[in-house]
Amino acid sequence: MELTASQLAALIGGEVDGDGDVTVGTFAKIEEGHPGALSFLANPKYTHFIYETKSSVVLVKRDFVAEREIAATLIRVDDPYATIAKLLEMVSEMTKVQKRGVEQPSFVAEGVEIPEDAYVGAFAYIGAGAVIGRGAKIYPQTYVGANCSVGEDTVLYPGVKVYDGCVIGNRCIIHSGAVIGSDGFGFAPVDGHYEKIPQTGNVVVADDVEIGANTTVDRAMMGSTRIGEGVKLDNLIQVAHNCVIGDHTVMAAQAGVAGSAKIGKHCMVGGQVGFVGHITIGDGTLIGAQAGVSKGTEPGARIMGSPAVDMGEYARGLVYQKRIPKMMEQIKELEKRTKK
């Protein structure tokens, strides 16, 4: 489907700057633009591409000021990144194959009702007492254990495993290989060996959560491990037993959260961050990649490094580290002088 720049601007509430009759029918990154493509400029680092891109239309911020001539038509919007995300979602919905029904072979336990507009793929397993919401999509080779609940319009992609008794909210997306409700890492030292502590709780995932491929969320020893509303977890993340991830927190790949840690709301966690157990991270905390978080934070903290410290302190420390070689030379020179 093609739209003119004017039609597109009307759709997204933007302002056309240039030829409103130029048409677009696909998307492209600004540095890989081609005629007929729509691109966007959100990161200032990519500004130089706008003067050479071959894309027909580029979304920019309303206050963008060009330093020289631009061949592409501009559409000025409040937030180009959010706008392109909205457009991509619209196209995805329009082109998505709407699966429904129960494919065979699959197993649905006796008494489990599958709504007419839901989908269960081949070789999927739905255990006794499970509740499947309207519009849910359970792809092939997915396991949904006994007494689980899968909310409305939730998507479980191929190979997802949801252990017994876990609860998945509405409009969630869980990607391939994710495991929800595996046993927490609980062992008691007894007479020189370790005895397993039964993990009797579950995992509760709230609405509008997305969990990446091969991420694991362990069930609680008692009670529930909780993933809050709107949380976005990247691939390859470990969330241990009895953790709480607050609403609308985002966490990048390979982060690990030890048992009973509580991460606040609206936090941003970089890749490969490690949290020790039993700490509380305040709402709105920003944590840089590869940080080692060994203690709790106040709301709004900005930390990085291992052990994690305030970002300003970390930056000053880096400056001092760069000075160390020169300081060592100065010390050696002083030693030579004192020996004379």
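Any value given below was found using the heavy atoms of this structure, including those in side chains, with hydrogens, waters and symmetry copies removed.
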- Message: Any side-chain to backbone donor/acceptor pair from Thr215 onto Ile211? Under 3.5 Å, distance only.
- Response: no

- Query: Considering all heavy atoms of both residues, which atom of Ala252 and which atom of Gly271 are nearest to each other, and what is their separation?
  - Reply: CB-N, 3.4 Å

- Message: Checking the side chain of Ser260 only, and the main-chain atoms of His278 only, is there a donor and an acceptor separated by less than 3.5 Å?
- Response: no

- Message: Parallel, tilted or perpendicular: which one describes the rings of Tyr125 and Phe107, with boundaries at 30° and 60°?
- Response: parallel

- Exceeds 12 heavy-atom contacts within 6.0 angstrom, atom CE of Met311: yes

- Message: Please list all pairs meeting ring-ring contact (aromatic ring centres under 6.0 Å, His included) that have one or both residues in residues 309-331, counting only residues at least two apart or in different chains.
- Response: none

- Message: Once rounded to the nearest 0.5 Å, what's the spacing between atom CE of Met94 and atom CE of Met90?
- Response: 7.0 Å

- Task: Search all heavy atoms of Val205 against all heavy atoms of Cys172 and return the closest pair with its distance.
- Result: CG1-SG, 4.1 Å

- Worked verdict on Val293 versus Val276 for side chain to side chain contact (heavy atoms under 4.5 Å, CB included): CA-CA 6 Å; Val293 185; Val276 303; over 6 Å; no

- Which pair of heavy atoms, one from Thr225 and one from Arg219, lies closest together, and at what distance? OG1-C, 3.6 Å

- Closest non-hydrogen atoms of Gly284 and Cys267, given as atom of the first, atom of the second and distance, are N-SG, 3.8 Å

- Please check if Val273 and Met251 belong to a single hydrophobic cluster, counting links between Ile, Leu, Val, Met, Phe, Trp and Tyr side chain heavy atoms closer than 4.5 Å. yes

- Check whether more than 12 heavy atoms from other residues, nucleotides or ligands sit under 6.0 Å from atom NZ of Lys137, and answer yes or no. yes

- Query: Just by distance, do the side chain of Ser176 and the backbone of Pro158 share a donor-acceptor pair under 3.5 Å?
  - Reply: yes

- Could you give the distance from CG (Leu156) to CD1 (Ile173), rounded to the nearest 0.5 Å? 10.5 Å

- Query: Is the CE atom of Met304 crowded by more than 12 outside heavy atoms at less than 6.0 Å?
  - Reply: yes

- Sorted by chain and number, sequence neighbours left out, salt bridge (Lys or Arg N to Asp or Glu O under 4.0 Å) with Lys196 holds for Asp183

- Item | Polar side-chain atom of Arg100 near backbone of Asp117 as donor-acceptor pair, under 3.5 Å | no

- Item | Taking every non-hydrogen atom, the tightest pair across Ser55 and Ala72 | O-CB, 3.3 Å

- Query: Heavy-atom count around Gln98 CD within 6.0 Å, excluding the residue itself: above 12?
  - Reply: yes

- Message: Checking side-chain contact (heavy atoms from CB on, under 4.5 Å) between Leu41 and each of Thr53, Leu59, Ile30, Ile84, which is the one that passes?
- Response: Ile30

- Task: Please answer whether the main-chain N or O of Val231 pairs with a side-chain N or O of Asp208 as donor and acceptor at a distance below 3.5 Å.
- Result: no

- Of Val244, Val203, Val217, the one forming a side-chain contact (heavy atoms from CB on, under 4.5 Å) with Val239 is Val217

- Minimum side-chain heavy-atom gap Asp78-Arg62 below 4.5 Å: yes

- Query: So, Ser6 side chain and Gly20 main chain: donor-acceptor pair closer than 3.5 Å or not?
  - Reply: yes

- Message: With a 4.5 Å cut-off on side-chain heavy-atom distances among I, L, V, M, F, W and Y, is there a chain of contacts connecting Val204 to Ile168?
- Response: no

- Item | Linked, directly or transitively: Val150 and Ile114 (ILVMFWY side chains, under 4.5 Å) | yes

- Residue pair Ile174 / Ile180, side-chain heavy-atom distance below 4.5 Å: yes

- Query: Leu87 versus Phe27: any side-chain heavy-atom pair under 4.5 Å?
  - Reply: yes

- Message: We want to know whether Ser182 and Asp218 form a side-chain donor-acceptor pair, criterion being a heavy-atom distance below 3.5 angstrom.
- Response: yes

- Message: Is the distance from the ring center of Tyr119 to that of Tyr139 below 6.0 Å?
- Response: yes

- Message: Counting C-beta onward and ignoring hydrogens, is there a side-chain heavy-atom pair between Gln199 and His241 closer than 4.5 Å?
- Response: yes

- Query: In the single-linkage hydrophobic clustering (I, L, V, M, F, W, Y; side-chain heavy atoms under 4.5 Å), do Tyr81 and Ile50 co-cluster?
  - Reply: no

- Do Lys86 and Ile12 come within less than 4.5 Å of each other through their side chains, counting heavy atoms only? no

- Row check, Phe64 ring normal vs Arg76 NZ/CZ: under 6.0 Å, within 45°: no

- Item | Atom pair OG1/CG of Thr73 and Asp21 - distance to nearest 0.5 Å | 9.0 Å

- For the side chain of Asn43 and the backbone of Tyr46, is there at least one donor-acceptor N/O pair under 3.5 Å apart? no

- Message: Let me confirm one number: the CG-OG distance from Leu74 to Ser39, rounded to the nearest 0.5 Å.
- Response: 11.5 Å

- Message: Between Asp207 (side chain only) and Asn170 (backbone N and O only), is there a donor and an acceptor less than 3.5 Å apart?
- Response: yes

- Task: Would you check if Ile75 and Val60 make a side-chain contact, meaning some heavy-atom pair closer than 4.5 Å?
- Result: no

- Message: Applying a strict under-4.5 Å side-chain criterion to I, L, V, M, F, W and Y, I'd like to know whether Ile279 and Val309 cluster together.
- Response: no

- Query: Quick one: CD on Glu2 to CD on Gln7, what's the gap to the nearest 0.5 Å?
  - Reply: 10.0 Å

- Measure from the ring center of Phe187 to the ring center of Phe185 and say whether it is less than 6.0 Å. yes

- Query: Taking the side chain from Gln254 and the backbone from Gln272, do they hold a donor-acceptor pair closer than 3.5 Å?
  - Reply: no

- Asn147 and Asp164, any side-chain heavy atoms less than 4.5 Å apart: no

- Message: Looking at Lys54, I'd like to know if its NZ atom is crowded, meaning that more than 12 non-hydrogen atoms belonging to other residues, nucleotides or ligands lie closer than 6.0 Å.
- Response: no

- Item | Side chain to side chain, Ile132 and Ile138, heavy atoms closer than 4.5 Å | yes

- Any luck finding a side-chain donor-acceptor pair between Ser224 and Asn202 under 3.5 Å? yes

- Chi angles and distances behind the salt bridge (Lys or Arg N to Asp or Glu O under 4.0 Å) call for Lys29, Glu32: CA-CA 5 Å; Lys29 295 191 292 185; Glu32 299 175 357; 3.5 Å; yes

- Message: For the backbone of Ile245 and the side chain of Thr249, can you confirm whether one donor and one acceptor N or O come within less than 3.5 Å of each other?
- Response: no

- Take atom CD in Gln104; do more than 12 heavy atoms of anything else shown fall under 6.0 Å from it? yes

- Item | Shortest non-hydrogen contact from Lys322 toward Pro325 | O-CD, 3.4 Å

- Message: Just checking Glu210: does its CD atom have more than 12 heavy atoms from other residues, nucleotides or ligands closer to it than 6.0 angstrom?
- Response: yes

- Item | Distance, nearest 0.5 Å, that separates CG of Asp283 from CD of Glu298 | 11.0 Å

